[in-house]
Amino acid sequence: MKKVIPSVKGTRDFYPREMAIRTWLYNKVRQVSESFGYQEYEGPMLETLELYAAKSGEELVKEQSFVFPDRGGNLITLRPELTPTLMRMVAQRQGQLTYPLRWWSFGPFWRYERPQRGRTREFFQWNIDLIGAASPEADAEMVAIMASFYQAVGLTPEQVQIHVNNRRLMDAQLARLGLTSELRQSAFRLIDRRDKLSPEAWRAYALEIGLSEAQFDSLTALLENTALWEESEELVRFFEAIDALGFSAYTRFDPQIIRGLDYYTGTVYEGRSQVGGLRRAVAGGGRYDNLLADVGGQPLPGTGFAMGDVVITLLLEETGNLPPDLEASPAPVLVTVFDEEHLLAAYALAGELRAAGINTACYPLPDKLGKQFKYADRIGAQLAVILGPDELAADQVAIKVLAERRQFTVARAAAAAKIREILAAPPAS
RNA sequence: GCGGCUGUAGCUCAAUGGCAGAGCGUCGCACUGUGGAUGCGAAUGUUGCGGGUUCGACCCCCGUCAGCCGCCCCA
């Protein structure tokens, strides 16, 4: 076999099956976003490096972005995330927009990372943000949207849980343990990594960054305290709102959720898969009240989250929640070609059916009928239509219901109506 | 960026230094106006790529590319 030029590392080809999944996912995202009153928007895929230098982490920009010079020598970045773009778009029209702003987007992003299961260098991401509302109820709305999405795609609270915490609460608690401001930042990273290290290694790491034995013990106790949220007025209101929104089952307090991004200021949340082979974060976000000011706008509070397409698709595949018939032809009808002489008659009939609003494919050459039926079956068509000399002479067409191996003839003029009738009927299984 | 595993027909995998194979799939025929079954037959490979060792390499060695697993990181 000839060598095929390879694709770019970490990219994916969307064959019809994968494309059908992506489109299905996009439609779910749209449906859920719109059900909460959010408007779709999109930004450019190319941004200046400068935009990210402002606030995204050092590592993200320097190590994990595709950056290249344009012909004028300016450094261009393939966007690794959407939030800075969103902040710029809002800042540019800050005075003209109506708040609270509810916007969502679903588009491609790039990160220069080592590809592996659940991680590619090119991926799609749902971003949804509520800007201009600082209330805990606004955070609850975001979490409700995330839960609503899980519900819409068939994921149960047993399969995915949204873990919620609040950075202000954690900061206050750490301060109470006597940690300095810098030490609190390190402690955030420490908390974030607890699941990844052995208890011994985690303890060693804690002492290494400067915690005392007593502080370490207190911190451990803090992270075991599932009632800690009661000490945060924000979280108390948050959970009351989640209750009112009807999504308590999907939501739980987890003092260990910190999230990596520096710009989060308050409530943070992370959707986590509880499914056997796939215990990982599938979506995450939080409150960022200083970000707009950081890109040159007037201060405006915001909260939002992102969900990548790769992990959620793996999860839906594993839980059997992807739709069936992903590869079926969009045409439920195949018009067969009886022989060479009747090829154009078949084309004409196919045209009539299309004009009647029925998606119709026509076999493009005079192969044996058996082969054409096999093809019809393979592409997922439900009906095959035959137009041979007998039918033509009687001004009829033969319609074959493939799944039932049943065939009958009908007047040509009535064919479209009859086909519509059969297609509308629930599939006999 | 670091460490490990894997790479053989369209797919899943055998062959462990001595002629590159099987199952599934594909195609053809049985079946010149009718598909999923059955039978018979056929096609398909630079063993990821490049080098080395050897009389001889899918097999051993080096490099490289890709996928996967972990680290890092996680918008």
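As a basis for the values below, the full set of heavy atoms in this structure was taken, side chains included, without hydrogen atoms, waters or symmetry mates. Residue numbers start from 1 in every chain, and the chains themselves are labelled A, B, ... in the order their sequence lines are given, proteins ahead of strands.
In terms of the side chain to side chain contact (heavy atoms under 4.5 Å, CB included) criterion, residue partners of Ala138(A) (sequence neighbours excluded) are, by chain and number, Leu130(A), Ala133(A), Ser135(A), Arg287(A), Thr303(A). Lys371(A) pairs by the side chain to side chain contact (heavy atoms under 4.5 Å, CB included) definition with Tyr363(A), Asp367(A), not counting sequence neighbours. Contacts of Phe373(A) classified as side chain to side chain contact (heavy atoms under 4.5 Å, CB included), with partners at least two apart in sequence or in another chain: Thr336(A), Leu369(A), Ala384(A), Ile386(A), Lys400(A), Leu402(A). Taking Glu352(A) as the reference, Leu349(A), Arg412(A) meet the side chain to side chain contact (heavy atoms under 4.5 Å, CB included) condition, with sequence neighbours excluded.
Residue Asp192(A) contributes atom CG, which lies 9 Å from atom C1' of C74(B) at whole-angstrom precision. The CZ-P distance, from Arg280(A) to C69(B), rounds to 8 Å in whole Å. In this structure, Leu369(A) atom CG and G36(B) atom C1' are separated by 16 Å, rounded to whole Å.
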Exercise. For RNA chain B, what is the dot-bracket line, given that a base pair needs Watson-Crick (N1 to N3, plus N6-O4 or O6-N4) or G-U wobble (N1-O2 and O6-N3) geometry with both distances under 3.5 Å, and | means paired with another strand?
Worked result: (((((((..((((....[..)))).(((((.......))))).....(((((..]....))))))))))))....
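For U34(B), the OP1/OP2 oxygens have no side-chain nitrogen or oxygen of Arg405(A) closer than 4.0 Å. An OP1 or OP2 oxygen of C68(B) is reached within less than 4.0 angstrom by no side-chain nitrogen or oxygen of Arg114(A). Between C29(B) and Lys368(A), a contact under 4.0 Å exists linking OP1 or OP2 to a side-chain N or O.
When the P atom is compared between G28(B) and A66(B), the two are found 38 Å apart, to the nearest whole Å. Nucleotides U16(B) and G21(B) are separated by 14 Å at their P atoms, to the nearest Å. Comparing the C1' positions of G25(B) and C59(B) gives an interatomic distance of 28 Å, to the nearest angstrom.
A salt bridge is defined here as a Lys NZ or Arg NE, NH1 or NH2 lying under 4.0 Å from an Asp or Glu carboxylate O, and Arg79(A) with Glu42(A) meets this definition.
The salt bridge (charged side-chain N to carboxylate O under 4.0 Å, His left out) analysis of residues 299-314 of chain A, with sequence neighbours excluded, yields the pairs Arg12(A)-Asp309(A).
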